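Following: one structure in structure tokens, then a few remarks.
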Protein chains: 2
Amino acid sequence: MVTNIKNGTFDFCETLTDDEDALARAMLERASAKWPLRVMHILAEAKGPLRFSRVLERVEGISQKVLTQTLRTLEADGLVTRTLYPQVPPRVEYELTPLGGELLVEVVGLWQWIANRLPDFEAARKAKGQTENGPKN
Amino acid sequence: MVTNIKNGTFDFCETLTDDEDALARAMLERASAKWPLRVMHILAEAKGPLRFSRVLERVEGISQKVLTQTLRTLEADGLVTRTLYPQVPPRVEYELTPLGGELLVEVVGLWQWIANRLPDFEAARKAKGQTENGPKN
DNA sequence: GATATTGGTTACCATGAGGTAGGTATAGAT
DNA sequence: ATCTATACCTACCTCATGGTAACCAATATC
């Protein structure tokens, strides 16, 4: 895996147009941001449609505004569906799409890789400050 | 893969302490941010140590301040090494660590998955606006 | 003595992302 | 007539982030 870096075949970005690059980057940022992942996780757990208020209850710490924005972005990206029932207290349901489910799985894979390497990261954090050669700054 | 969402065994987060969760989340955000990925990519391409100025030249659009911050963060996380030679025009070299190389590969995997699904995302973007049932607001 | 080099740090300013509070629409209950 | 519930939207304020520019240290060069 790391070898494809060493032998120079490490070519992402180069195979994409600028537009595609920007879109992929945007997706990556969205997928790894704080709220989208949580919201998608909640929706995945629900295994079915969820009303706005239910999501708001379960995503701890999120504000209504940000949840609205988050859901709209996820909808625009095809990761969740939004279904409006024009009742008189309006009812809106959100559900994870198959694409959203797949993306979630991919991100969770990366997440778990990171979780497995957590000791390495913590070790790096502690080992800091005395690795420099030379008396110091 | 998606099935482990459907049958309820979808449990990341729950297996981690709050500290670990926060750390993993921070790593994920860092790994997917705009500059760290580019800087690591440059460093990976170089297949060896690179001076600060060389990195600055190659990462198009980054400012000196942000590159400094980025490199310091990467160093703190054990993803790059920083070697200071206390010469009189100071010389500092940065190099990707094995851990950094592995992380890069993982993120690139996700990146490529997204790139492969780009048509789906674009389709979702276009198909927006008429999926709502009900005349609309 | 003035200046350039290298890898920063610091001060200052602009942009924007997020939080809070309030408004809106409408039917049914009181 | 008024209040409640739902899923927002809009305005306003704040705080963090990123950019620009100036400064630094020590030697070598003009």
Side-chain angles (χ1 to χ4, degrees), chain A residues 22 25-26 29-39 42-43 46 49-76 80-95 128-129 131-137, chain B residues 22 25-26 29-39 42-43 46 49-76 80-95 128-129 131-137:
Chain A
R25 188 174 298 282
E29 281 176 18
R30 277 172 214 186
S32 63
K34 186 176 181 183
W35 299 121
L37 201 61
R38 294 222 152 155
V39 170
I42 295 297
L43 254 21
L50 230 46
R51 298 189 65 167
F52 181 86
S53 308
R54 304 301 131 246
V55 181
L56 188 60
E57 288 166 4
R58 295 177 201 198
V59 182
E60 192 170 6
I62 199 170
S63 69
Q64 195 187 43
K65 187 179 101 175
V66 175
L67 178 56
T68 299
Q69 290 170 349
T70 302
L71 284 169
R72 286 292 156 88
T73 303
L74 290 173
E75 185 203 5
V80 307
T81 57
R82 178 187 137 100
T83 309
L84 168 65
Y85 300 91
Q87 302 172 350
V88 163
R91 186 172 125 220
V92 182
E93 287 185 344
Y94 296 91
E95 187 171 14
K128 257 240 319 177
T131 53
E132 337 220 340
N133 46 1
K136 135 221 84 271
N137 48 345
Chain B
R25 188 174 299 282
E29 281 177 18
R30 278 173 214 184
S32 62
K34 185 178 182 182
W35 298 120
L37 202 60
R38 295 221 152 157
V39 171
I42 294 295
L43 255 20
L50 230 47
R51 297 190 65 168
F52 181 87
S53 308
R54 303 303 130 243
V55 182
L56 190 58
E57 287 166 4
R58 296 179 200 196
V59 182
E60 191 171 5
I62 198 171
S63 70
Q64 193 185 40
K65 186 177 101 174
V66 174
L67 178 57
T68 300
Q69 290 171 348
T70 302
L71 285 168
R72 287 292 158 83
T73 303
L74 290 173
E75 186 204 2
V80 307
T81 57
R82 177 187 137 100
T83 310
L84 167 67
Y85 300 93
Q87 302 173 350
V88 162
R91 187 173 124 222
V92 183
E93 288 184 345
Y94 296 91
E95 190 172 11
K128 255 242 316 181
T131 55
E132 335 219 340
N133 45 1
K136 142 214 71 292
N137 44 345

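Every chain is numbered from 1, with letters handed out A, B, ... down the list of sequences. What you are looking at is a predicted structure, and each value in this text was computed from that prediction instead of being measured.
Remark: A:R51 is in phosphate contact with D:dA7, judged by side-chain N or O atoms under 4.0 Å from OP1 or OP2.
When the nearest nucleotides of DNA chain C are assigned to A:I62 and A:P90 by heavy-atom distance, the more 5′-ward of the two goes with A:I62.
By the side chain to side chain contact (heavy atoms under 4.5 Å, CB included) test, A:V92 pairs with A:R82, A:L84, A:Y94, sequence neighbours left out. Here A:R91 pairs with A:E93 under the salt bridge (charged side-chain N to carboxylate O under 4.0 Å, His left out) rule; sequence neighbours left out. Partners of A:S63 by side chain to side chain contact (heavy atoms under 4.5 Å, CB included), not counting sequence neighbours, listed by chain and number: A:K65, A:V66.
In this structure, the helix from C:dG1-D:dC30 to C:dT30-D:dA1 shows an angle of 40° between the axis at its start and the axis at its end, each fitted on 5 base pairs and rounded to 10°.
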- Task: Would you mind building the protein contact string for nucleotides 8-18 of chain C? One character per nucleotide, 5' to 3', B for base within reach (heavy atoms under 4.0 Å), S for sugar-phosphate only, - for untouched.
- Result: BBBB------B

For nucleotides 27-29 of chain C, which of its nitrogen or oxygen atoms have a protein nitrogen or oxygen under 3.5 Å away, and what is each distance?
none

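Rounded to an integer number of Å, the gap from CZ of B:R91 to P of D:dA28 is 17 Å. Between the CG atom of A:L67 and the C1' atom of D:dC9 there is a distance of 14 Å, given to the nearest Å. Spacing between atom CD of A:Q87 and atom C1' of D:dA5 amounts to 12 Å, rounded to whole angstrom units. Atom-to-atom, CG of B:L56 to P of D:dG18 comes out at 16 Å; the value is rounded to the nearest Å.
Within the structure, every pair that satisfies the salt bridge (Lys or Arg N to Asp or Glu O under 4.0 Å) test and touches residues 53-62 of chain A, not counting sequence neighbours, is listed here: A:R54-A:E57.
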